[in-house]
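As the structure is a prediction and not an experimental result, all values here were calculated from the model. Each chain gets a letter, A, B and so on, in the order the sequences are listed, and its residues count up from 1.
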Amino acid sequence: MGTARWDADDWKRASSGTVGKRTEDIFTSMGLHPTLNPYRVTRESRDSLVNPESNAIIIGLDVTGSMGIIADAMAREGLGTLVDEILKRKPVSDPHILACGIGDSWCDDAPLQVTQFEADIRIAEQLKMIWLEKGGGGNNHEGYHLPWYFAAQHTQIDCFEKRGKKGYLFTVGDEEPPPELLARHAQEIFGDSLQRDLSTGELLTLVSRMYHVFHVVVEEGSHARAHLPRVLDRWHKLLGQRVLRLKDYRRLAEVVVSAIEVNEGRDRETVAQSWSGDTSSVVAHALGTLPAKPARSLFGLVRF
Amino acid sequence: MKRSATAVIGANYGDEGKGLMTDYHIAPAGPDGIVVRFNGGAQAGHTVTTPAGLRHVFSHFGSGTLLGAATYLSRHFVCHPALFLKEAAQLEGAGLAVLPPVFVDDRAPVSTLYDILLNQALERHRGQARHGSCGMGFGETVERQLDPDFALTVADLRQGAGYLLHRLATIRDRYVPRRLADLGIASLDAQCAGWLASDGALQSFVHAAMQFRRMTQVARPAMLTDYAQLVFEGAQGLLLDQDRGAFPYVTRSHTGIRNALEVAGEAGIEALDVTYITRAYLTRHGAGPLAGELPGKPYPGIEDRTNVPNEFQGRLRFAHLDLDLLVRTIQQDFADTMRYPGIDATLHLAVSCLDQVGPAVAYIEDGILKTVPPGLLADRLAGRLAAAVAYTAWGPTRDTVRIVRRHWPSVEFDEAKSKCFLPFGG
């Protein structure tokens, strides 16, 4: 997948169909769509003539009850801006984007939905298939580790395999990280037989071999609004500085682009100031915890 | 702990009044009762009319539902998630605020959208030579279950949506083409082909299956004895039995007491009253032989709101009851109870629709057409079957059911007396 190039006009055409419609109208899906089912599939991001130096980027959206509005905003404009900005600024070349809908592996029918890696308008078509289950349970966490497991075990990306360059993985949501991936859930969701449950720390180690992992805390989400210190504390313990605080969900794309830029070596302040108006302060708030210039390790593979 | 139960078995081609008798038997217990479906599937249409005038045709839920009784779908019941949801919505629409619990055995087969597709494609392909199928995929489900690679049970639904989508895609890609080839169907019409190709159809089926899973609980046979009243509700009729009916105009199910005995055995039931039910006349909905078929309704009072004509079954057909055939059929089925010496079985009889036949009902015995007042028909039949109890139903509701317990006259009716049209006293 990922054989074409994104055209900014493509997005305008796709999103013009969504203007003025309610969330439910855009995401018309009822139930897990067969093409988004992660059961026994592998997603590939491959170099091609059009995309000779591809870079894999995975965006996982929390689509549980409190977060439906975020996926909505992403469909309307966020993802289009994200792709446009990545192409304009080139923090990474030839981006291939895969989007995930994240639910709850304990109580949802569709704990994870995954698109293909796409470099063009097809990603928008697939986003529309994502089912806003509006599920989730009262367990304070959602399946943010599911894209991690999927990325680590079920993706093949040329940027890493051919050029040793990690892809990017962002999860976006308002709740806390789950404690572990149950072997039973791995069987149900991915069709994989694990010999034991995997802790979220172990999953992070696994996925960090191939991906830079970030999490975006949506401070406007209903859970985060009530328990922000606890949510941040749990994420900081896990991801350290790679926790991005999003105080305005409409600026998700800008925050994600900025985080990639900083991670690729641009200066944090410069990046924040490059956005206009309010966006600049939202981005500065989000990047607050990222190191201004990424440290380079001398010791081979490291997590961060 | 209650170790006794009641079963209701249709003695003919279905439409005998199983819903009515199930409702009647479960009524004393109400919400403390449980109804077991042990054969067939959601193609059943068991009508219950309450004395208050509420009417529902049960297909996936037990016929005790309006009284609050639980439903138990045994391993022999073919589940149909979409029809289950449709019926649940109907029941809620009818004013049932809370649906009574539904328990499902993990081993119960599940119909898929592709079984419906194959069923309808096949019946259309047959054209005038139809087999009288309801067009809901029941037979195709049973056929598919024979191949372990494509069998699907309720336990599979509990594996989650992703797994189910994966399994269904396998059925669509590998089983359906093979089955179509076996059936000699070279090409599908546009509607069926579109359905087969549609990811959206697959998606909605899985969505329905997941809802079905959430709305039901895991069934265990041992729980059955915890209820104050236990009724085994049969579906179809003895003359449609896959082994004893006239092939191919049969249903792929044991329509008699056999499966009920198996479930009762698992549950530890020690005594079982088996009520065989017939209308005062014979009906058949769908294709197939009907001996002595009449050109139309034998009695002007016959009204049937359940069996409306449909594309796959046509209209309801009629004949007079043949008592010899009926007695033979019931006795042959009841003989199955001998296989379960741990269960003490008693034969009961019910005759329904007696209010529709007017002052006299016709039946065939020894090849002769006879006429008696309706009540005497039940007496005659109960006597020949040596039934311990006879129930007579004089309307669509349970309060029209009369119970008759006595020694049946074993002598032949006096011909002159039987023509007197004596009103049957209650």
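Ring pair His207(B)/Trp131(A) is perpendicular by interplanar angle, where above 60° counts as perpendicular and below 30° as parallel.
For Ile189(A), no part sits under 4.5 Å from any heavy atom of chain B, backbone or side chain.
Heavy-atom minimum distance, His166(B) versus Arg40(A): NE2-NH1, 3.7 Å. Taking each heavy atom of Asn37(A) and Gly162(B) in turn, the nearest pair found is ND2-O, 2.8 Å.
Atom-to-atom distance recorded for Gln203(B):CD and Thr35(A):OG1 is 8.0 Å, nearest 0.5 angstrom. To the nearest 0.5 Å, atoms CG (Asp109(A)) and CZ (Arg214(B)) are separated by 4.0 Å.
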